[in-house]
Structure formats: structure tokens, C-alpha cells
Amino acid sequence: MLDPLNLMDKFSVEKAEKMQRALSRMVIMHDCLPSKIRYIAGVDVSYSNEKSYGAAVVLDYATMRVIEEKTAVKKAPLSYIPTFLAFRELPAAISAVQKLEVKPDVFMIDGHGRAHPRRLGLASHFGLIVDAPTIGVAKNLLCGKIKDVKNEWRPIVDGDEVIGAAVFSGRSKRPIYVSVGHKISLESAIKIVLYCAKYRIPEPIRFAHVAAENAKRKNRIPKGLL
DNA sequence: GCGACAG
DNA sequence: ATCTTGTCGC
């Protein structure tokens, strides 16, 4: 079987799909209870030319204040291909996370987890590699349909299985899509996301996004200079 | 075959 | 995601 700790050196759709299907069966359902969380991390990646800028930000769960922030620059492995986002974002994301000194109890990733055609989105793949609880939070749907029940959140179903939840966070009319990444239940993932959602985008991801943008601006050549 | 398609 | 200025609204 393919090694979950190493991404493919030569990307091919066939091998990537096979890897995703194999890894999806390794996702652990052991729950990460919100009451046991002390530190939560947000992870995001931004791009400029061929470079990818990963950022990992750790927040104190009780106060939602940033206590640590690390970034990393990598050459983007490949261009964006729908359903294969992990192969593009993981190198920079993992690199940034490895620099953290504080060990987060749970990670919030900007992308789907189980709500993926082969049930292994970026958040799940990331979780397996770092072997930690992860929650997938996406701003758009990749697959599945929203079941129209009136609640604070609505299930995302694909066929007869629930793969995630559309959560109405902040005071937004548009939902965000939450799904299990690794080592957590959908129920806990939703609770944690709602707790962190001062605005539509949960704090950990919001801060990680800003950190990634800043890392990019720093390494970038000033506009009027060339 | 056609359209959809996280970031 | 990224390319980009001002602008409408809470």
C-alpha cells in the first residue's frame, strides 16, 4: 500500500484516487470532545506564482487569542485540480505545522474532510499525516446535497450517507461546510466550529488566512520595483 | 456525452 | 486561490 506519510513524487490521477480510497479507510472515528480542548490551530495556504505559503496559527481555545504563529514557503507541487487539493496544499501546510512548538488538541483546515467524492478531502489527508484530530471547513460544496431541515445546521448527504453539515455561522445567510477530518465526530466538529465562529469564517481559519497572506507579501517583490 | 468541481 | 478600486452597508 502507498505510504500515507509521503506524497507521490509523480502525480497521476489514477494513483492519487487509489491513495485517497485507501487512506479514507484509515480515518479514525475516535472523538475529540470540545470540553477537552485547550489549544486549537488553524491552517491555510495562499499562492503567488509557483510558490505556496503555508500558515499554522495556534489559539487558546478559551479566549480565541493567538498564542503562536508559524509559516513556511514551498514550491507549489502542481496546479489546482478539483478533488486533489491536498496534493497541492499539504507540503506547505505540513511544513508550517512542524515548526509549531505548542501541540494543538485539534486542527481546523480550510477544505473538506469526509465531504469529498472519495471521502478523503484535504482535512482528512492532513489529519492522517499529522495523526491529530482535524475538522474540515469549506466555503463551498464539492459534492453532496444539503438536506433541507430547519436547524442551526443541515446535513450534507451523498446517497444515503451523511458526509458533513452546512453550518450557519456568525450572522451569515450563507453557510460554511463542516465535515469530519480525522479523530473526531461530526457532532463535536460542529460544536467546535460554532464556538469559534464569531464571524462566518471561524477564528482559527481567519487568522491562518491572514498569516498566509502576510507571509506571501513578505516574500513577494514589491510591485513598483520591477 | 454533459456539466460540476474545496482552494 | 488569484488578478484588482472604489464603494455600499452594518
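All values below come from the heavy atoms of this structure, side chains included, with hydrogens, waters and symmetry mates left out.
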Pair Phe84(A) and Phe11(A), ring centroids less than 6.0 Å apart: yes
Interatomic distance, Lys74(A) NZ vs dA1(C) P [rounded to whole Å]: 22 Å
Presence of Asn140(A) side-chain N/O under 4.0 Å of dC5(B) phosphate oxygens OP1/OP2: no
Under 5.5 Å and under 30°: Tyr80(A) stacked on dG7(B): yes
Lys/Arg-Asp/Glu bridge criterion (N-O < 4.0 Å) met for Glu17(A), Arg118(A): yes
Side-chain (Asp105(A)) to main-chain (Arg38(A)) donor-acceptor, under 3.5 angstrom: yes
Side-chain ion pair, Asp131(A) and Lys183(A), N-O less than 4.0 Å: yes
Side-chain N or O of Lys139(A) closer than 4.0 Å to phosphate OP1/OP2 of dA6(B): no
Rounded distance (Å) that lies between atom C1' of dC5(B) and atom CZ of Phe84(A): 11 Å
Ring center gap for His182(A) and Phe107(A) short of 6.0 angstrom: no
Under-4.0 Å side-chain N/O to phosphate OP1/OP2 contact, Lys216(A) with dA1(C): no
Between dA6(B) (P) and Tyr177(A) (OH): distance, integer Å: 11 Å
Arg88(A) side chain, from C-beta outward: closest of dA1(C), dG7(B), dA6(B): dG7(B)
Protein-nucleotide distance (Ile81(A), atom CD1; dG7(B), atom C1'), rounded to Å: 13 Å
Rounded distance in Å - CG (Asp44(A)) to P (dT2(C)): 9 Å
Rounded distance in Å - CG (Leu85(A)) to P (dA4(B)): 21 Å
Nucleotide dA6(B), atom P - distance to CZ of Arg119(A) in whole Å: 16 Å
Nearest-neighbour nucleotide for the Glu213(A) side chain, dT2(C), dG7(B), dA6(B) considered: dT2(C)
Tyr47(A) OH to dA1(C) P, straight-line distance once rounded to whole Å: 10 Å
